[in-house]
Amino acid sequence: MELKYSPRSIEQKWQDNWEASQVFKVREDKDKEKYYLLEMFPYPSGRIHMGHVRNYTIGDVVGRFLRMSGYNVLHPMGWDAFGMPAENAAIKAGTHPAKWTYSNIDYMRNQLKQLGFSYDWSREIATCDPSYYRWEQLFFLRMYERGLAYRKSSYVNWCPKCQTVLANEQVEGGACWRCDSVVEQKEMEQWFFKITDYVEELLDYTYKLPGWPERVLTMQQNWIGRSTGSRLLFPLESGKGNIPVFTTRADTLFGATFMSMAPEHPMVADLCRGTSQEAAVMDFVEKAKRSKRDEREAELLEKEGVFTGSYCINPVTGWKMPVYIANFVVMAYGTGAVMAVPAHDQRDFEFATKYGMPIKVVIKPAGAEKPPVAEELTEAFEDDGVLVNSDRYSDMGSAEARDAITESLAQKGLGEKTIQYRLRDWGISRQRYWGAPIPIVYCDKCGVVPVPEKDLPVVLPLDVELLENGGSPLPVYEPFFKTTCPKCGGAARRETDTMDTFVESSWYFARYTCPGFDQGPLDGEAVRYWLPVNQYIGGIEHAVLHLLYSRFFVKTLRDLGYLQEDEPFLNLLTQGRVIKDCFKMSKSKGNVVDPDQMIRAYGADTVRLFCLFAAPPEKDLDWSDQGVEGSFRFLSRMWRLVSENLDALTSVAPCSSGAGLSKDLAQLRRKAHQTIKKVTEDVRERFHFNTAIAAVMELVNQIYQVLEGRRDDPKLWPVMRESIEAVIALSSPMVPHIADELWHALGHRGLLLETPWPKWDESALKAEEILVVVQVNGKLRSRITVPADATDKELEAFALNDPRIREFIGDKPIRKVVAVPRKLVNIVM
RNA sequence: GCGAGAGUGGCGAAAAUGGCAGACGCACUGGACUUAGGAUCCAGCGGGGAAACUCUUGGGGGUUCAAAUCCCCCCUCUCGCACCA
């Protein structure tokens, strides 16, 4: 055995060994408790980065720990392989997205193997493979049958340069994330998934997922944005219809003095037609469209608006309310029109002040004598209170009045209670090439026709030429779009949009349970055995999108009969980012640390160890080259523990009982068992690998201390061996290569992954004597060694007898003594 | 603005249920071994003080025998959403 630790050869050796012996492979086993452990799969962008290394290391420790603890652990890996970067890279490099993607996958798979992760590679999935997305197309058809996938026209983000719709998350500050062109709002026919059908259940379960971080649940709740209120109708003065509004403050209706509408509101053209305002309104609408971008960049735009030339009627006061277009009203929320109550809404207040609109106070603060005077207001009073100037509702409380006013309008057909959500249906059409085709055909005679199930998959053609401008080649690639109608057999055109890549990642975790199944999307037996995912691990950046879409998809698949689960992920761990010198690693900052380079210099075990030790998983991790050195140093220390004492260690069996041990050997043994307990609990209950590692380090430190000048003691080595084996086994989930190597050096033949996790011996934990702190008036004054089982009375006596304490007390009277067995004594004077 | 989270040495961080603040590591200092050390080992390492002591967990109050931890007020930072009616 080499005296010096050199990771390179041993890591390769063990990786080969693990692969050859197929230890990472799992199958359903009814006799074992299953555990589905999953880390978010990567986009095959080329190389893994430190964020991946951290994410997957955390997962690997949990997986290996649970394997050793007796669970049947499913721990798969795959590739989120569709997406725009592949197209862009392919255009740039003159290659094909498929080629680019698969070669990246090969490279990255190898990188992951070099890190020693315990994935069952036989279950690997690439979402761009037709054997994967064909089932997604089937889901689409089933959803279409049930109206859960539908087509409608809507405004979308359109990048004129990239020739595609952009998802909301791909729009940064109103500009395209890649080319920085100003994004336009374009009205287009799009496919949608009806996530809003599940909005109540999605919201409900955010209160039933105790294993999720509060933060993520809150973000989802905010994103769903449920708010209860009233839908009210304001009749037009012209008599030609009503303007519907949504309000949470029906109690302020008597103070509504005008109406504000979004510039894109469909009624705008009608309202101004033929009035003197027509030109001004059209001008304003155009201007509003153009300023979309600035709106997002500037914090808050100054409130601006223009009169439409029309009026509507306040249904309770009968007032003529001028209808305005206002730049701050968003079409996407509510009805796109807002009843303006300047006295009680800050935005309306600013608008009214600017345009000289009447301000009428209708709420006074609860307990106030008199309502505020409108002319003296400097800002709106937005709290609930008591109604004034509101006819028969005056003196009523806000909450009660909301119901009463809505109810009375309801009787006239002008109002109803309603619930409004911020969540919109999920637009899944992408005018991109590198994605799963939407299985739909358009026929001039039959209209929208779904592709028959037997014709799936609709394969994405690979022999296309990419367009220089980045647009999808599918609409101009005849062999693909030209088809016949499945219904009438006439000429028809295929849908050339592809699905949002978030669709693939919404169900991949289910497919891992039966990746090769070809009788349907999911093998019921496998799915029932493995789902739900017990532990999901990934970055916080997916808090809403991916994690919400997946939750929706599982509920949909449940209702389609493919699954039985309500929720995909029981427990969620969102790990922090990897940063360096206070910044997120990025090429532009020049602070990127390359995993390959690190592995070459220090070995995978060191890189893994550092990722785990530097911070608890949910916090950001500050990369430190010196910290990496430190991790390497520790592994070297561990290595020498075995290599320098190999003969002595291999000539004894590990100690298995504390009988007849000298005091310091008993103490070392106690430390070893305390460490087993601490590491087990830190890993199992809290995922606090940093403190688990610290505990192992403490044990190593103590081993070195006991070793010092004691090598001849015949009683030493069995205890030594027991302690060192504990160090190796306990650290094996974190640093598996060195652990297996040392384990074998000690003469073991099996793999640690298949070795039961060490158990602590309760009797070894017990010490006869323990250290107890003595305080006087809450200040530490002395430490005394007492029998471990000393009662509080005995403790008190020991403390009062301590010379240092007696000196402190002198002959002053003692008021009280607090004694906590095994902890401390506090003498109050 | 709304919501959430976090403030502890020179640095990364520890401290379940209130009970020795700073475990473990990095950096630093001194020593040993050495031709040499950026290897290894030993020792020291929050501030003030020669010491006894004393101060110290963002700031200020409070509860308690005892507070990083619980309560109230304030400050700062990070993240998410953001003119959401």
Side-chain angles (χ1 to χ4, degrees), chain A residues 4 213-223 225-227 229-230 245-249 252 256 260 262 295-296 299-303 326-341 344-348 350-351 382 420-422 540-541 543-544 576-577 609-610 613-616 618-631 633-634 636-637 640 644 678 681-682 685-686 688 690-701 704-705 708 771-783 815-820 822-829:
Chain A
K4 244 184 84 187
E214 193 61 43
R215 193 152 73 113
V216 174
L217 295 173
T218 309
M219 280 164 76
Q220 294 209 350
Q221 285 153 11
N222 291 342
W223 186 266
R226 183 186 203 267
S227 93
S230 312
V245 305
F246 173 74
T247 179
T248 54
R249 294 299 303 272
T252 63
S260 309
E295 185 188 336
R296 300 209 184 187
E299 292 286 281
L300 276 185
L301 213 56
E302 164 135 29
K303 310 238 171 329
N327 63 345
F328 64 90
V329 180
V330 293
M331 191 61 219
Y333 186 77
T335 63
V338 186
M339 72 177 205
V341 186
H344 303 292
D345 182 287
Q346 186 58 26
R347 293 156 304 183
D348 298 341
E350 287 168 30
F351 195 84
E382 297 191 317
Q420 185 66 44
Y421 303 92
R422 215 180 72 97
I540 185 81
E541 65 272 17
V544 173
R577 298 165 305 171
L609 185 65
F610 177 73
F613 182 60
E618 61 279 3
K619 282 186 88 168
D620 282 353
L621 182 151
D622 201 353
W623 192 268
S624 146
D625 294 332
Q626 285 165 333
V628 178
E629 291 279 350
S631 294
R633 208 172 302 156
F634 172 71
S636 304
R637 234 164 115 73
R640 285 197 310 273
E644 288 174 358
K678 166 97 176 138
E681 290 173 352
D682 278 357
E685 270 134 52
R686 311 198 297 164
H688 277 200
N690 55 334
T691 52
I693 293 164
V696 175
M697 286 172 167
E698 278 186 63
L699 177 56
V700 168
N701 289 346
Y704 268 102
Q705 222 138 61
E708 194 66 18
L771 193 72
V772 159
V773 179
V774 184
Q775 301 177 330
V776 176
N777 288 333
K779 290 206 164 112
L780 175 70
R781 293 303 181 193
S782 183
R783 288 169 227 249
R815 285 206 290 151
K816 184 176 172 185
V817 177
V818 181
V820 182
R822 305 184 68 85
K823 287 259 162 66
L824 60 29
V825 180
N826 189 10
I827 297 158
V828 189
M829 308 185 36

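Hydrogens, waters and symmetry mates play no part in the numbers below; they use all other heavy atoms, side chains included. A, B, ... follow the sequence lines: proteins, then strands. Residue 1 opens every chain.
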Give one of base, sugar-phosphate or nothing for [X], where a contact means two heavy atoms less than 4.0 Å apart.
X: Val329(A); answer: base
X: Val773(A); answer: base
X: Ser624(A); answer: nothing
X: Lys4(A); answer: nothing
X: Asn777(A); answer: nothing
X: Asn701(A); answer: sugar-phosphate
X: Gly334(A); answer: nothing

Tell me: [atom1] of [X] to [atom2] of [N], nearest whole Å?
X: Asp620(A); N: C79(B); atom1: CG; atom2: C1'; answer: 10 Å
X: Glu644(A); N: A39(B); atom1: CD; atom2: P; answer: 16 Å
X: Arg637(A); N: A39(B); atom1: CZ; atom2: C1'; answer: 13 Å
X: Asp682(A); N: A23(B); atom1: CG; atom2: C1'; answer: 12 Å
X: Arg577(A); N: U78(B); atom1: CZ; atom2: C1'; answer: 8 Å
X: Lys619(A); N: C77(B); atom1: NZ; atom2: P; answer: 18 Å
X: Leu609(A); N: G12(B); atom1: CG; atom2: C1'; answer: 14 Å
X: Trp623(A); N: C11(B); atom1: CH2; atom2: P; answer: 21 Å

Exercise. Given side-chain contact (heavy atoms from CB on, under 4.5 Å), test Gln420(A) with Thr248(A) step by step and report yes or no.
Key: CA-CA 9 Å; Gln420(A) 185 66 44; Thr248(A) 54; over 6 Å; no
Quiz item: Can you tell me how far CG of Asn222(A) sits from CZ of Arg422(A), rounded to the nearest 0.5 angstrom?
Solution: 8.0 Å
Closest to side chain of [X], choosing from [options]:
X: Ala615(A); options: A13(B), G19(B), C65(B); answer: A13(B)
X: Arg422(A); options: C65(B), C81(B), C83(B); answer: C81(B)
X: Gln775(A); options: C20(B), A85(B), G5(B); answer: C20(B)
X: Glu698(A); options: C84(B), A23(B), A13(B); answer: A23(B)
X: Leu771(A); options: A85(B), C20(B), C65(B); answer: C20(B)
X: Arg783(A); options: G12(B), C20(B), A43(B); answer: C20(B)
X: Arg640(A); options: A43(B), C41(B), G19(B); answer: C41(B)
X: Thr218(A); options: A43(B), G80(B), G3(B); answer: G3(B)
X: Val818(A); options: C83(B), G5(B), G19(B); answer: G19(B)
X: Asn690(A); options: A14(B), A27(B), A4(B); answer: A14(B)

So do the side chains of [X] and [Y] get within less than 4.5 Å of each other, counting heavy atoms only?
X: Arg249(A); Y: Asp345(A); value: no
X: Ile827(A); Y: Arg781(A); value: no
X: Arg783(A); Y: Val774(A); value: no

Within the pair [X] and [N], is there a side-chain N or O less than 4.0 Å away from OP1 or OP2?
X: Arg686(A); N: A15(B); value: yes
X: Arg781(A); N: U54(B); value: yes
X: Arg226(A); N: C84(B); value: no
X: Arg633(A); N: A27(B); value: yes
X: Arg347(A); N: C84(B); value: yes

Quiz item: Taking O4'-C1'-N9-C4 for purines and O4'-C1'-N1-C2 for pyrimidines, is G9(B) syn (within 90° of 0) or anti?
Solution: syn
Quiz prompt | Within 45° cone of Phe328(A) ring axis and under 6.0 Å: Lys303(A) NZ or CZ | solution = yes
Self-check item: Base C65(B) paired with Asn826(A) side chain (donor-acceptor, <3.5 Å)
Solution: yes
Quiz item: Any donor-acceptor pair under 3.5 Å joining the side chain of Lys823(A) to the base of C20(B)?
Solution: no
In the structure shown, which nucleotide is the Watson-Crick or G-U wobble counterpart of [N], with both distances under 3.5 Å?
N: A4(B); value: U78(B)
N: A36(B); value: none
N: G44(B); value: C28(B)
N: G9(B); value: none
N: A52(B); value: none
N: C20(B); value: none

Practice problem: Evaluate side-chain contact (heavy atoms from CB on, under 4.5 Å) for Val338(A) paired with Arg347(A), printing each intermediate quantity in order. | Solution: CA-CA 11 Å; Val338(A) 186; Arg347(A) 293 156 304 183; 5.8 Å; no
Pairwise [atom1] distance, [M] and [N] [rounded to whole Å]:
N: A13(B); M: A27(B); atom1: C1'; result: 14 Å
N: A68(B); M: A85(B); atom1: C1'; result: 43 Å
N: U35(B); M: G9(B); atom1: P; result: 44 Å

Quiz item: Just checking, any donor-acceptor pair under 3.5 angstrom between side chains of Arg637(A) and Asn701(A)?
Solution: yes
Practice problem: Apply side-chain contact (heavy atoms from CB on, under 4.5 Å) to Asn826(A) and Val817(A), showing your working. | Solution: CA-CA 6 Å; Asn826(A) 189 10; Val817(A) 177; over 6 Å; no
Exercise. Tell me which of Met219(A) and Phe328(A) sits closer to the 5' end of RNA chain B, going by the nucleotide each one is nearest to.
Key: Met219(A)
Practice problem: Between Thr691(A) and Leu824(A), just flag the one whose closest nucleotide in RNA chain B comes earlier from the 5' side. | Solution: Thr691(A)
